[in-house]
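Beneath this line is the structure, given in structure tokens, with notes to follow.
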Amino acid sequence: MAEMMMRRKMKVMVAVDESDYSFYALKWALDHVLVTPAAAAATETATSQEEASPEEVDMVILVHVQQPFQHYGFPAGPGGSAVYTTTAVVESVRKAQEENSAALLSRALQMCKEKPNIKAETLILEGDPKDRICQAAEQMHVDLLVVGSRGLGTFKRAFLGSVSDYCAHHVKCPILIVRPAKETGK
């Protein structure tokens, strides 16, 4: 019990995208990693309404990385030259990306609000998710990076790439890769 009281707050970054895997990873981290002594005590004593001191509150940084929009396309017909999109199309796509990011992070924030004594912030970045997540984790000095995994095999991962695999080899903090439990068909 004494070691639980000495626990310092954690700063945990969770990468969120459109996949159910990333939301499973967030839920798993909230249920298993971000369990503060005050939250555990509140669970045991339902009548206790005590707030945790700031030293006991864990910080969750929810990060979503948008792919940069390419301003040109390649037509399939003859000619083969690049066609640039209009400003209206670019703005429309950016607005749709912003709305998508806001919806994803709103869903993730709601999951965090359901847990007592956890403070959550959001971060939207643009670029290659693998690189940007590692950069953000280093710049923000997080204690742990949590990412979901689709469970690609070695062959698919080699061709498709894997954000979790890249982060595991390049991030400069501990990383937790959460894979959903396999369904048993029995």
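Values below: every heavy atom of this structure, side chains too, minus hydrogens, waters and symmetry copies. Remember, it's a predicted structure, so these values are computed and weren't measured experimentally.
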Of all residues at least two apart in sequence or in a different chain, which pass the side chain to side chain contact (heavy atoms under 4.5 Å, CB included) check with Pro180? Tyr21, Tyr24
Residue pairs passing the salt bridge (Lys or Arg N to Asp or Glu O under 4.0 Å) test with at least one member in residues 15-34, sequence neighbours excluded, are Lys27-Asp31, Asp31-Lys115
Tell me whether Ile133 shares a hydrophobic cluster with Ile177, the cluster being built from Ile, Leu, Val, Met, Phe, Trp, Tyr side chains joined at under 4.5 Å. yes
To the nearest 0.5 Å, what is the distance between SG (Cys134) and CG (Leu145)? 7.0 Å
How far does CG of Leu26 sit from CG of Leu62, to the nearest 0.5 angstrom? 6.0 Å
Taking side chain to side chain contact (heavy atoms under 4.5 Å, CB included) as the definition, give me every residue that meets it alongside Lys172, ordered by chain and number, with sequence neighbours left out. Glu138
In this structure, CE of Met59 is separated from CE of Met10 (nearest 0.5 Å) by 13.0 Å
Return the CD1 to NE2 distance between Ile175 and His170, rounded to the nearest 0.5 Å. 11.5 Å
To the nearest 0.5 Å, how far apart are NZ in Lys130 and OG in Ser164? 10.5 Å
Return the minimal non-hydrogen interatomic distance between Met13 and Met140, and the atom names on each side. CE-SD, 3.8 Å
After noting the C-alpha distance and the side-chain angles of Val12 and Asp58, does the key distance pass the side-chain contact (heavy atoms from CB on, under 4.5 Å) rule? CA-CA 8 Å; Val12 178; Asp58 287 326; 6.0 Å; no
Throw together a table of side-chain donor-acceptor distances under 3.5 angstrom for residues 101-113, partners on residues two or more places apart or in other chains.
{"from": "Ser101", "atom 1": "OG", "to": "His64", "atom 2": "NE2", "distance (Å)": "3.4"}
{"from": "Ser101", "atom 1": "OG", "to": "Gln66", "atom 2": "NE2", "distance (Å)": "2.7"}
{"from": "Ser101", "atom 1": "OG", "to": "Gln97", "atom 2": "O", "distance (Å)": "3.1"}

Is Arg179 reaching over with its side chain to a backbone N or O of Gly148, donor-acceptor style, under 3.5 angstrom? no
Shortest non-hydrogen pair, Pro129 vs Gln67, comes out as CD-NE2, 3.3 Å
Quick check: do Val16 and Val63 have side-chain heavy atoms less than 4.5 Å from each other? no
Group every Ile, Leu, Val, Met, Phe, Trp and Tyr by side-chain heavy-atom contacts under 4.5 Å, then state whether Leu144 and Tyr166 land in the same group. no
Contacts of Phe23 that satisfy ring-ring contact (aromatic ring centres under 6.0 Å, His included) - sequence neighbours left out: none
Rounded at 0.5 Å granularity, tell me how far CG in Leu123 sits from CD1 in Ile61. 7.5 Å
Non-neighbouring partners of His32 that pass ring-ring contact (aromatic ring centres under 6.0 Å, His included), sequence neighbours left out: Trp28
